[in-house]
There are 2 protein chains.
Amino acid sequence: MKIGQLADKTGLSIQTIRFYERKALLAAPQRTQSNYRSYSDEALKQLLFIKQCRSLDMTIEEISLVLETRTNPESSCENVNATMDKHIDDIKHRISELNALQKTLKSMRAACNDDKKIKECGVLHRIDSIVDSHCPAKRND
Amino acid sequence: MKIGQLADKTGLSIQTIRFYERKALLAAPQRTQSNYRSYSDEALKQLLFIKQCRSLDMTIEEISLVLETRTNPESSCENVNATMDKHIDDIKHRISELNALQKTLKSMRAACNDDKKIKECGVLHRIDSIVDSHCPAKRND
DNA sequence: CTTGACTCTATACCAAGTATAGAGTTTACA
DNA sequence: TGTAAACTCTATACTTGGTATAGAGTCAAG
Ligand SMILES: [Zn+2]
Ligand SMILES: [Zn+2]
Ligand SMILES: [Zn+2]
Ligand SMILES: [Zn+2]
């Protein structure tokens, strides 16, 4: 199977498949005489697995960990479970950040309406007033 | 004020300040004889404003829009409000995506425990079973 | 007068791809 | 058989919002 067919079957782009190969998520396949990549059905399965993991928003590094563990059927599930747990925690963290953010943005937005002008803008005033109470930090160049 | 002092006062790194200058969020400041950047208090205010917007997770493009509008005090708030509305919508969208994802991940994770082995792993089995029902797409190289 | 702290530009790197250019290969069709 | 379209190859640049160097120049204290 050539890369175009694999792309069709997986719904991934050709570039993405080559990208995963560079990232070592997918083993480099055999080549034809004309140097075209030639894939097995195993590669198709692997790619679909990777695609599924990506749709779960796992990072390439997280997927690597799972794939590596997966090669040994006798090993314990602990590593995979730990990776999943950490990832679920990643998501939870991002959700709570975004919820807080949304709250702030909504209350800020409520301070203005389209009839106002910039000089009396409730949104900008609120940003400015937060700005007026600022704080410093460290540096390195 | 030199860039190091500005970095201290804003809590941004020196590289970040130069980065914002390249992105035209911050006007290029005057230079000393030795070509050092020399900032006014206006630049400090501007940077703090930008920092505040970034903490609201606005993109650089969104911030640009707001900053541009802000230069004209007589203009209507409509543009700023539209930017905020779109951004709030961005966030809302991402939250609902992440909530759905979290739900999937949790139910997946519940299918396994640390006493199992990879060959009988509930998590991997569930990924595989989704993989088995796959679908193709388009391509371009 | 030298050391250390600071600044300058330019460049490379991160994630997770996407999008070219320019060259070679295979397939279809007349 | 010729040739044009479709495919594939590598290499490189771009995206976002920065971070991290290298190598050179500048400034202040001792
Ligand atoms: Zn994660
Ligand atoms: Zn307003
Ligand atoms: Zn936005
Ligand atoms: Zn398991």
Side-chain angles (χ1 to χ4, degrees), chain A residues 1-26 28-39 43 47 49-67 87 90-91 94 97 101 137-141, chain B residues 1-26 28-39 43 47 49-67 87 90-91 94 97 101 137-141:
Chain A
M1 186 172 18
K2 283 188 285 183
I3 198 167
Q5 293 172 274
L6 190 58
D8 286 346
K9 288 194 184 177
T10 58
L12 297 170
S13 76
I14 290 175
Q15 298 98 302
T16 297
I17 294 172
R18 294 197 279 236
F19 172 73
Y20 288 158
E21 182 182 326
R22 276 207 304 287
K23 289 288 170 181
L25 281 190
L26 187 66
Q30 287 194 290
R31 299 288 184 126
T32 66
Q33 289 168 327
S34 53
N35 201 33
Y36 285 9
R37 288 170 178 83
S38 179
Y39 293 98
L47 262 186
F49 184 90
I50 293 167
K51 187 188 180 187
Q52 192 54 41
C53 289
R54 281 295 299 135
S55 86
L56 297 173
D57 212 23
M58 294 170 66
T59 65
I60 293 206
E61 204 179 346
E62 286 167 338
I63 299 172
S64 281
L65 279 172
V66 172
L67 287 175
H87 185 58
D90 291 345
I91 306 285
R94 278 160 58 192
E97 277 176 348
L101 188 54
K138 295 264 167 177
R139 108 178 96 120
N140 266 319
D141 188 25
Chain B
M1 187 171 19
K2 282 188 285 183
I3 199 169
Q5 293 171 273
L6 191 57
D8 287 346
K9 288 194 184 177
T10 58
L12 297 169
S13 76
I14 288 175
Q15 298 98 300
T16 298
I17 294 172
R18 293 196 280 236
F19 172 74
Y20 288 158
E21 182 182 325
R22 276 206 305 287
K23 289 288 171 181
L25 281 190
L26 188 65
Q30 287 193 289
R31 299 289 184 126
T32 66
Q33 288 168 328
S34 53
N35 201 32
Y36 285 9
R37 288 170 178 82
S38 180
Y39 293 98
L47 262 186
F49 183 90
I50 294 167
K51 187 187 180 187
Q52 192 54 39
C53 290
R54 281 294 301 136
S55 86
L56 296 173
D57 213 23
M58 293 169 68
T59 65
I60 293 207
E61 204 178 347
E62 286 167 339
I63 299 172
S64 281
L65 279 173
V66 172
L67 286 175
H87 185 58
D90 291 344
I91 306 285
R94 278 160 58 191
E97 278 177 348
L101 188 53
K138 296 264 168 178
R139 108 177 97 118
N140 266 318
D141 187 28

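- Side chains of L47(B) and Y39(B) form no contact here, defined as non-hydrogen atoms less than 4.5 Å apart.
- The side-chain heavy atoms of L6(B) and R37(B), taken from C-beta on, include no pair separated by under 4.5 Å.
- Remark: C1' of dC27(D) and CD1 of I3(B) are 16 Å apart, rounded to the nearest angstrom.
- Atom P of nucleotide dC6(C) and atom CG of L6(B) are separated by 15 Å, given to the nearest angstrom.
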Identify all pairs in which a protein N or O lies below 3.5 Å from an N or O of nucleotides 2-4 of chain C, and state each distance.
none

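- Interface residues of residues 29-39 of chain B facing DNA chain D, ordered by number: S34(B), Y36(B); criterion, heavy-atom separation under 4.0 Å.
- Distance from the side chain of T59(B) is smallest for dG17(D) among the nucleotides dC8(C), dG17(C), dG17(D).
- Nearest heavy atoms, L101(B) versus S55(A): CD1-O, 3.7 Å.
- Between dA15(C) and K23(A), a contact under 4.0 Å exists linking OP1 or OP2 to a side-chain N or O.
- By the 4.5 Å heavy-atom criterion applied to side chains, R94(B) and D57(B) are counted as neighbours.
- Between I63(A) and Y20(A) there is no side-chain heavy-atom pair separated by less than 4.5 Å.
- S13(A) approaches A7(A) most closely through the heavy-atom pair C-CB, 4.4 Å.
- Contacts of E61(A) classified as salt bridge (charged side-chain N to carboxylate O under 4.0 Å, His left out), with partners at least two apart in sequence or in another chain: none.
- Of the candidate nucleotides dG17(D), dG17(C), dG18(D), dG17(C) has the atom lying nearest to any side-chain atom of Y20(A).
- You'll find the side chain of Y36(A) stays beyond 4.5 Å of the side chain of I3(A), heavy atoms only.
- The bend of the helix from dC1(C)-dG30(D) to dA30(C)-dT1(D), defined by the angle between the axes of its first five and last five pairs, stands at 30° to the nearest 10°.
- Comparing dT8(D), dT18(C), dA15(C) by their nearest atom to the side chain of T16(A) picks out dT18(C).
- Residues meeting the salt bridge (charged side-chain N to carboxylate O under 4.0 Å, His left out) test with E97(A), sequence neighbours left out: none.
- We find that CD1 of I17(B) is positioned 14 Å from C1' of dC6(C), with the value rounded to whole Å.
- Residue order along DNA chain C, read from the 5' end via each residue's closest nucleotide, puts R22(B) first among R22(B) and R22(A).
- A close approach under 4.0 Å does occur between a side-chain nitrogen or oxygen of R54(B) and OP1 or OP2 of dG18(D).
- Distance, F19(A) CZ to dA19(C) P: 14 Å, rounded to whole Å.
- Atoms CD (Q15(A)) and P (dT20(C)) sit 10 Å apart, rounded to a whole Å.
- At least one donor-acceptor pair under 3.5 Å links the side chain of K51(B) to the backbone N or O of T10(B).
- As rounded to whole Å, 12 Å separates atom P of dT19(D) from atom CD1 of I14(B).
- Judged as a side-chain hydrogen bond (donor to acceptor under 3.5 Å, both in side chains), and not counting sequence neighbours, R54(B) has no contacts.
- Taking atom CG of D57(B) as the reference point, atom C1' of dT16(D) lies 12 Å away to the nearest angstrom.
- For R18(B), no side-chain nitrogen or oxygen approaches OP1 or OP2 of dT9(C) to under 4.0 Å.
- Taking atom CE of M58(A) as the reference point, atom C1' of dA16(C) lies 15 Å away to the nearest angstrom.
- Considering every non-hydrogen atom in both E21(A) and R31(A), the closest pair reads OE2-NH2, 4.2 Å.
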